[in-house]
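Since the model is a prediction, treat every value here as computed from it, not as a measurement. Atom set for the values below is all heavy atoms of this structure, side chains included, hydrogens, waters and symmetry mates excluded. Starting from 1, each residue takes its place in the sequence as its number.
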Amino acid sequence: MDVRIGVTQAPREIALEIPDDERDQVKAAIDAALSGAKDTLWLQDKRGKLTAIPAAKIAYIEILGEDAAKKVGFGR
């Protein structure tokens with residue numbers, strides 16, 4: 001699954017590819033960060049790279065499943 005995170009005052013979003021079997025853990029971590037239970041959102045991608053995002057700076061989070069169509073070019 002692909003996770004895209006918008007960060008305030010940052011020109012680009014953070015894009016991570018996370019294994020589909022970790023969907024529930026990722027959603028729980030996101031909920032904890034957005035509710036204020038945690039100050040930092042830590043996510044690990046498929047390659048093992050850890051990414052930390054300050055919870056107060058998160059503008060939006062988009063979770064796309066593996067079955068989501070990826071558009072290329074000028075398709076609608």
Side-chain angles (χ1 to χ4, degrees):
M1 90 181 144
D2 292 328
V3 177
R4 294 185 203 150
I5 304 168
V7 180
T8 59
Q9 299 180 355
R12 295 179 55 186
E13 64 188 13
I14 298 169
L16 301 169
E17 191 174 347
I18 297 176
D20 285 331
D21 60 342
E22 294 181 16
R23 179 180 289 270
D24 292 335
Q25 295 96 341
V26 169
K27 286 177 69 176
I30 290 169
D31 286 340
L34 294 178
S35 70
K38 297 205 175 212
D39 293 331
T40 306
L41 172 62
W42 285 94
L43 296 174
Q44 185 171 6
D45 68 3
K46 284 186 173 182
R47 297 180 183 170
K49 179 179 82 170
L50 280 171
T51 302
I53 300 110
K57 299 291 183 179
I58 296 173
Y60 65 90
I61 298 177
E62 210 175 55
I63 298 175
L64 302 170
E66 190 174 298
D67 58 343
K70 295 185 180 185
K71 296 181 182 178
V72 177
F74 296 101
R76 289 185 182 200

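Note: Lys57 NZ to Thr8 OG1 = 4.5 Å, rounded to the nearest 0.5 Å. Taken to the nearest 0.5 Å, the CD1 atom of Ile18 stands 13.0 Å off from the CZ atom of Arg47. Atoms NZ and CD, on Lys49 and Glu17 in that order, are 11.0 Å from each other to the nearest 0.5 Å.
Using a 4.5 Å cut-off between side-chain heavy atoms of Ile, Leu, Val, Met, Phe, Trp and Tyr, with links allowed through other members, Leu34 and Ile5 fall into the same hydrophobic cluster.
Counting heavy atoms from C-beta on, the side chains of Thr51 and Asp45 never come closer than 4.5 Å. A 4.5 Å side-chain heavy-atom check between Ile63 and Ile30 finds at least one atom pair inside the cut-off. Contact check for Leu43 versus Val26: side-chain heavy atoms found under the 4.5 Å cut-off. Counting only heavy atoms from C-beta outward, the side chains of Arg4 and Leu64 approach each other to under 4.5 Å.
A side chain to side chain contact (heavy atoms under 4.5 Å, CB included) with Met1 is found for exactly one of Leu16, Asp21, Asp20, namely Asp20.
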Criterion side chain to side chain contact (heavy atoms under 4.5 Å, CB included) on Val7 and Ile53, from CA distance to verdict: CA-CA 8 Å; Val7 180; Ile53 300 110; 4.2 Å; yes
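Across every non-hydrogen atom of Ser35 and Ala32, the tightest pair is OG-O, 3.1 Å. Between Ala55 and Ala33, the shortest heavy-atom distance links the atoms CB-O, 3.4 Å.
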